[in-house]
Structure formats: C-alpha cells, structure tokens
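Every chain is numbered from 1, with letters handed out A, B, ... down the list of sequences. What you see is a predicted model, and the numbers here were worked out from it, not measured in a lab.
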Amino acid sequence: MLSKKLWFLDLTTEELGGKDVICLWMVDENGIVINIYDPGHRDWVYVDADINTLRKIYDLVKLRESAGLTADIVKRKLVGRDKEVLLIRGPPKDLENVVRIIEANYRDVTFYEDDIRFSNKYLLIRDVSPSSWYKVTYDVESNINILRDIQLLSEEVEYPPLKILSIDLVTASPIGEADPESDPILAVTLYTANGYKQYVLRNDDKEILKSLVNDVQSYSPHVIVSFEGNSIVWPYLLERSKVLNIPLKIGYRGDEPHQSLYGHFSIPGRLNIDLKDYVNNNPSLQRKTLEELAYFLGISQPGRVFDRLLYYDAWKNNRDELLKYSLWRAKTIYDAFMLLKEEIFSLSAITGMPADYVLSSSAGFQVENYIMKNAVKRGELIIKVKGKGKGTYLGGLVLPPKVGIHRNVCVIDFKSMYPTLIMKYNISPDTIVYEKKDDVKYFEEIGVGVKQSIKGLFPEIIKRLVDERNKVRSKMKEFPEGSAPYRILDAHQRVLKILANAMYGYMGWINARYYSWEGAQLVTYLGRETISSSKRKAEELGLHILYGDTDSLFVNYDKEKVEALLTWISKELGLEAKIDKIYKVLLFTEAKKRYAGLTIDDKIDVVGLEYVRRDWCNYAKETQYNLIKLVLTGASKDKILDYFRERVRKLDRGEVPIDELVIWEQITKRLDEYKAMSPHLAVAEELALKGWKIKKGMFIGYVILKGSGPLYKRAIHYTMAKKEDIDWDYYIYRQVIPVSARVLEPMGISKSDLESIASGLHFSMDRFLF
DNA sequence: TGGGGCCGGGG
DNA sequence: GTGTACGGCCCCA
C-alpha cells in the first residue's frame, strides 16, 4: 500500500481487463504523472416507477447479474421529496442496453443520471475535484495502480511544477480560408519555459508535423495552451496530419486529440487549454482578440499585428514580420496562461470539472455542475432538462434619470441583491409551491409561495459560497500580496463570488436542469419591491432621487439622510445597502442606463454611452470621451466647441487613419438565419463569397465608403478599404455628431447646432484658399 | 414615418 | 447554450 500527496490533473474512462474503468491522472510534487485506476466504481442509472414495475425490472436485471449488472432499491431525494428508486450498476454499454429494454417493455418509467457521462458522475459521487491536492492511497497490482482511498488536502495553496507548452499556427490561402486538404502548414511556433521553437515551411510540411509531434512528446507538457485551438489549430493540424499520413500523436501515451463535448478537443493525459474560451466568457473583454487579452493582463503588444485575413499576403511579402508576430502570439499565450492559471484551476476545483473542460463550458454549465455536486451531497437525484419555458418575466426596475448636470451625487446600492434575496426568502426550485400552507410564505401579487420548513438547495449553495469566500478572504491576508498563495486564494474567492452571482440567472435559464421560472420571477419581484420601498423612504427623508437601476439609487449626497436611509434598510428590510461611490459631477442624458460622472477621486466614469461600445468607431468614441471630460470639469462652451470643431475638421480633411474609423460588430447567428440586411452582415457575406468561414461569434470590422444607397451597400471590410474611398461625411454626421450631441445636449448644445458648425466648416473659406 | 431586426452594454 | 431592461442604429414598407 502506497500513500502519496498528489494533484488531480484530469480523468479518463479506459478499458481495463474488458471493463470500463475510471483512470485518474495525478501529478506528484515533482511533476511526475501517475495513473491510478478505480475499478471499484461502476457506471449506473436510476429507475423510477411504481413499486410493482420496479420489482419486475429488479428481476429482469437479476437475470443479467452474470453480465456484471446489479440492482438495488435505494432511498434518494427528488427535488426535496423522499423517494425509493432502483439503482442499476454495471458497464456503460450494458446499462444502455438495459435502459433500451426497459423503455421498450414498461410505460411510465423515468430514468435518472443516464444522461450524465460516467466520468462526471464519478466526480460527483466521489466528491472529488480536479485541480486539487489529495492524499491518495493505492496498491500496485501487476504494474497497475489501484485506488484504495482519496482524501482532499484543502489547505494546499501551491501547484505542482507543471510543464506548460503554448502553440501558434500559421496557415494561409490565396482564396480565403486555408484548407488542410491542399494548403500546407506554413509555420508553427511552440513556446515553453525553456524558450521557443519555430518550424517554418521549406519544401513540404511533413517535416513540420514530424518535428512538432517529436518535440511535444519529448517535452511532455502537462498543459498545452492555444488561442483558438479548438476552432482552428487542432482541427487543421488533425486534418493535415491525415492528409500527410503523419498521426498527430501528441497525447501522453501517444493518442491523437479527439473531439469531445461542445467542440472541445481532448488530448489524453494533457490539459488542452484554449484561451479563446476564456476571453469569450469574460465580459470585460470586448473584441475577444489575443491583443486585447494581452492588454487586459498587462502583457506587451506585438510590434505589428496581422489580421488572419492578411496572412497570405504577409507570407508572400512580409514573412519575417509575420513569423515575429507568430512568436509574439506563442509567447503571449504562454504568459497569459501563467497569469490566468489560478483562475482556471480555481474554477475547476470549485465546480468539479476538469480544467480544460470547465474553460470550454459556458457559465451556465459551470454553475450547473457546481449545483449538481451539491445536490448529490444532499442525496438528490440529478434531474433532467425539461426545456419547456413559461416565457419571459419582469426584470429589474429602472427609474427615469433627471436630465442634466448634478453635483455631489451619491450612489447607494444593495450588496449582492439577488443572492441575498434568494437566501432571505429561501427561493429554490425545491421550495417553490402554489398552495398557501402553514409552512409557506405566500406572495399574493405573483401567486407563488415558498416553503419555509426545509432549506432550499439554492439558498444552501449560496450560503456555502458566501461562507467559503469569507474564509478564503481571511486566509488570503496571511500571505504577502502578489505571492503565489495569495494569487491562488484571490482567484478562488473571485470564482466563489461569480458563482453566487450567477445562481439567479441560472434559475431563469430555460435550459437549466434546475430551471425555476417562478423562482426567478419571485427574485426580480422582491428586487423591485425592495428598490421601490427604499425610494419611498429616501423621499420621505428628504433625499432627491436622481436615478436608480435594479439594485441602486442615485441621490444627492446628504450624509445624515443617507446614513438614516441605510439604517432603515438594514432594520426594516433586513438587507444590507452601502454607499457605492460618490460623484463630484454627474451628467444624465434623457436615456436610462447612459450617463457619465466625475468621482471624488477624479476618475471619469462612462456608463452605457457610445464611448464604451464597440459598434462605434474609435474616432467618434474618443471625441465623446474628451467632450465628457470637458463638460464634467467645467470647461467653457467655447472651449468645448473648439474641440468639437477640431475633431470634425480632421475628418473633413481626410486626416484620420482608417484604423480609427472601423466599426466592429459581431455575427450572432448563422448567416442564413438573418431576416434583415445590415452593414456587418453584407460584409460577412462578401467575405464568405471570398472563401472565408464566417462562424457565429466572429467580429466583423468594417468602414463606410462614399456612394449612394443603403449603408450595407457601402460597407467594406476594413482590410480592403482605401482611404480615398472613405465617406467622411458619414463619419462626421452619423458618428461624431450624434455621439457629441448626446453629451452636449444636457448643457444646451443641440444636434442642429453641431450640424451647423460642421457644415459651416465644410463651406468656410479656408477650404478654398488653396 | 414608424415598426421590426439587430446589437451591445448595464446591473 | 445564466436572466431582463433598455437605447439606438439600420432597413423596409
């Protein structure tokens, strides 16, 4: 019997002696990979039916005991209610057969957990999480490690020494998207702690693939990181390896990558991390590019950026620069992973999903897995997705802003309003009822009640997340800021917060296993009640309400009255509100969710306005930002208009680079699903005709050219535009003027004022002096 | 001229 | 493939 401290990297299901067995991939403190098998755990399904049927099914399974199937009547819970169900265990394939036979022979039978992969069920029932340390006890039997015991070591705050390898791929074609059937790999750049290696095409690309496979195998990384690996790199390399007949044996034991769930590629024995998944799930990243991620993480930018659309041209005319760019990408992907690993591993450890799989899952499934983990602990059967929604429901309350410029404004907001309400009122799929009973708190206005006699699953989970977060935050203080343990604990507490905040949205998600329309609706209803009653109290105290959105109120900062309001909220509502920030100057437009302010620490906040949006060109956005700054810092009208005039003049003279004029919009569905034509769609269709694959989620950058007719006929991809064709008037009258008017109107400068200034400039004498 | 389609950001 | 509320553009009838 051996006992070791091991870090849980990943798990696979493998055949061992003709049986499907869970194999744990563990890493010891020296970074050595150890496989440990758990043959004691077999796959299972639950069957629910009336007791007579269950008995018959029980007998049916008993007949197949020789095939390794067993059946037992067990006690479980179903959304809070006690139940007796039949647990059938056995090899996955035999289970599938049995399920089919039962389905064919019995009616009114419900199966549970037949829709969850064995490896995931294993993690749930064993209550173990990847990316965590365990004390593992095992025996060695004929060279195979057999698991005996596995105990979490929750105090560990370091990772084992992991070998990380990043990869960037260069391919190109003269006719759009490169095709692995015919277009060779032009270059591959690998980056590790030991430096980089760049393979560049000479005669054919067989050499590149061979070297790539050799080098990956000899370095044998624990983690392979890419940017768009799942969508571009691995599909291309796999296809190309088939064409060249050089298997892409880069797995730990020489397996090839294979596609698993949601377009994710598995590389057995290694974590395949695609940082594109990270940027897609991070809302503070707008454009979802590697350059933006680098900026976000404080990593230096490349000397020169090449759009993928220009790779062919660059390969022909600017090869050295392109190869430099690829090296920058590989290094940046490596560096970015080193900065993000704490967050990725924390997410994995908490949700219980393997690190590469958790990253490729959307927030909804991350939350769902965490809920399932907690549900199993309560003895709950994992329910299935119904997918039947009850339509939409009312959301948060937004108050109309008081237009104009205000001074000394205080923003009061409720601390984690929705999670708090869920806990306070015990709102959960398993507590929602319709009947008014003794143990039910009933809400007449929406016709829904909440059971108070049992603690709901969601409130229990949120409480656990909050408690755990508090623990982690106090432990954090034991370590110096920026140290490895500090970073790990900080990432950990952030993930706990994110999960708590996502619980409400998950509850209202139609595809959630634990979907509760009534629950979600009750949460927003209570939120609206909370904000309205607080508003009434604030007015009663003599505060002026300037604006409010969902969980916040903007009022004039009268310290005593605000304190009185906070006390009232705490005492009467039993909720916690705080002063979120104070603005020296605040500008409200007529529109909700759009304002700008100067905080007491002299920061400019811009909310909702064009400046923070990606579907306006940079030049207009920068103009708006500077105008906001002038307005908030009390600049004179003359000074403000001088600045505006200068910005328009530059456009009128054609002195603005194309890059500043690009408008970015996302393709949000398949091209054939669009009902209406629009500029970014027209450009996407044009690219598709040229041979580019336009996938959902792609960003289209376009500029508007001179001409007549609708904009979509004059929009062109920014890489193909020439400066002399730019429609400068469009940028003056439909970009710069609208965004300027938006922030100048509250101070009495109208859109037509700005238009007169612009056309005055255009026809002024100085234009004709030359 | 107004309504629908569409997009992106706020809380 | 977490929710709803909202503004504002463009297109089209």
Side-chain angles (χ1 to χ4, degrees), chain A residues 261-263 280-281 283-287 360-368 370-371 385 387 389 391-401 411 413-419 422 458 498-517 519-525 527-528 531 547-554 580 589-595 605-616 620 663-669 673-682 696-697 699-700 704 709-715 730 734-735 738-739 741-742:
Chain A
L261 274 76
Y262 305 110
N280 280 341
N281 280 343
S284 53
L285 297 166
Q286 281 189 322
R287 281 279 322 285
S360 69
S361 313
S362 64
F365 290 110
Q366 294 167 1
V367 173
E368 183 149 86
Y370 184 70
I371 295 174
V385 176
T392 184
Y393 58 89
L394 283 183
L397 181 66
V398 191
L399 306 173
V411 184
D413 78 8
F414 284 84
K415 243 174 111 182
S416 314
M417 187 193 244
Y418 287 177
I422 291 173
F458 277 43
I498 290 168
L499 288 175
N501 285 337
M503 292 290 289
Y504 150 73
Y506 174 85
M507 200 193 297
W509 177 35
I510 185 170
N511 285 317
R513 286 175 191 268
Y514 298 93
Y515 172 59
S516 173
W517 186 87
Q521 191 211 30
L522 180 54
V523 173
T524 59
Y525 164 77
R528 291 193 299 276
I531 211 74
Y547 178 61
D549 186 350
T550 310
D551 60 354
S552 67
L553 287 174
F554 290 55
D580 187 39
T589 68
E590 284 177 358
K592 292 171 173 178
K593 296 183 188 280
R594 299 186 157 217
Y595 56 89
D605 259 3
V606 182
V607 180
L609 292 163
E610 288 80 358
Y611 171 66
V612 299
R613 298 176 62 94
R614 74 163 94 87
D615 52 354
W616 288 81
I663 296 160
W664 290 93
E665 273 180 277
Q666 197 177 12
I667 294 295
T668 59
K669 44 185 128 187
E673 288 172 337
Y674 279 93
K675 287 186 210 161
M677 186 42 77
S678 61
H680 83 299
L681 175 59
K696 241 200 264 190
F699 287 94
I700 305 289
I704 299 295
L711 284 186
Y712 72 84
K713 289 190 177 157
R714 302 194 274 129
Y730 168 82
R734 290 160 89 173
Q735 289 276 320
V739 306
R742 200 99 54 222

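The nearest whole Å value for the distance from the OH atom in A:Tyr674 to the P atom in B:dC6 is 7 Å. Rounded to whole Å, atom C1' of C:dT2 lies 12 Å from atom CG of A:Leu499. In this structure, NZ of A:Lys593 is placed 20 Å from P of B:dC7, rounded to the nearest angstrom. For the pair A:Phe699 CZ and B:dG8 P, the interatomic distance rounds to 6 Å; values are reported in whole Å. In this entry the distance linking NE2 of A:His680 with P of B:dG5 reads 15 Å, nearest Å. Computed from coordinates, the A:Asp551 CG to C:dT4 P distance equals 17 Å when rounded to whole Å. We find that OH of A:Tyr730 is positioned 10 Å from P of C:dC9, with the value rounded to whole Å. One atom, CD of A:Gln666, and another, C1' of B:dC7, lie 9 Å apart when rounded to the nearest Å.
In terms of modelled atom types and a separation under 3.5 Å, the side chain of A:Arg528 and the main chain of A:Gly395 share a donor-acceptor contact. Under the 3.5 Å distance criterion, the side-chain polar atoms of A:Trp517 are matched with a main-chain donor or acceptor of A:Gly391. The closest donor-acceptor contact from the side chain of A:Ser361 to the backbone of A:Gln366 lies at 3.5 Å or more, if one exists at all.
Across all strands shown, A:Ala520 has no heavy atoms under 4.0 Å from either base or sugar-phosphate atoms. Among the protein residues, A:Asp549 comes within range of the sugar-phosphate backbone only, with heavy atoms under 4.0 Å from sugar or phosphate atoms but none that close to a base. In this structure, A:Val367 reaches neither bases nor backbone, as no heavy-atom distance under 4.0 Å exists between it and the strands shown. Residue A:Arg613 is classed as a base contact, given a heavy-atom separation below 4.0 Å to a base. As judged by a 4.0 angstrom heavy-atom cut-off over every strand, A:Leu394 is placed among residues touching the sugar-phosphate backbone only.
Considering only the side chain of A:Tyr393, C:dT4 comes nearest among B:dG5, C:dT4, C:dG8. Closest to the side chain of A:Ala591, out of C:dT4, B:dC7, C:dG8, is C:dG8. Of the candidate nucleotides C:dT2, C:dT4, C:dC11, C:dT4 has the atom nearest to the side chain of A:Thr392. Residue A:Leu711 places its side chain closer to C:dC11 than to any other of C:dG1, C:dC11, B:dG8. Out of C:dC11, B:dC6, B:dG8, the shortest distance to the side chain of A:Arg614 is found at B:dG8. Comparing B:dG8, C:dG8, B:dG10 by their nearest atom to the side chain of A:Glu665 picks out B:dG8.
Ring geometry, A:Phe365 versus A:Trp509: the interplanar angle exceeds 60°, so the pair is classed perpendicular (tilted spans 30 to 60°).
In terms of position along DNA chain C, the nucleotide closest to A:Thr668 lies nearer the 5' end than the nucleotide closest to the other residue of the pair A:Gly396 and A:Thr668. Closest-nucleotide positions on DNA chain C for A:Gly364 and A:Pro679 were compared, and the one nearer the 5' end corresponds to A:Gly364.
Residue A:Lys669 places at least one side-chain N or O closer than 4.0 Å to OP1 or OP2 of B:dC6. Between A:Gln286 and B:dG8 there is no side-chain N or O to OP1 or OP2 distance below 4.0 Å. Here A:Arg734 reaches the OP1 or OP2 of C:dC10: one of its side-chain N or O atoms lies under 4.0 Å away. Residue A:Arg742 has a polar side-chain atom (N or O) positioned under 4.0 Å from OP1 or OP2 of C:dC9.
Judged by the 6.0 Å and 45° rule, A:Lys592 forms no cation-pi pair with A:Tyr547.
Around OH of A:Tyr611, the count of heavy atoms belonging to other residues, nucleotides or ligands within 6.0 Å does not exceed 12.
Taking the C1' atoms as reference points, C:dT2 lies 24 Å from B:dG5, given to the whole Å. Taking atom P on both B:dC6 and C:dG1, the two are 15 Å apart, rounded to the nearest angstrom.
In this model, no donor atom of one side chain and acceptor atom of the other lie less than 3.5 Å apart for A:Glu368 and A:Tyr514.
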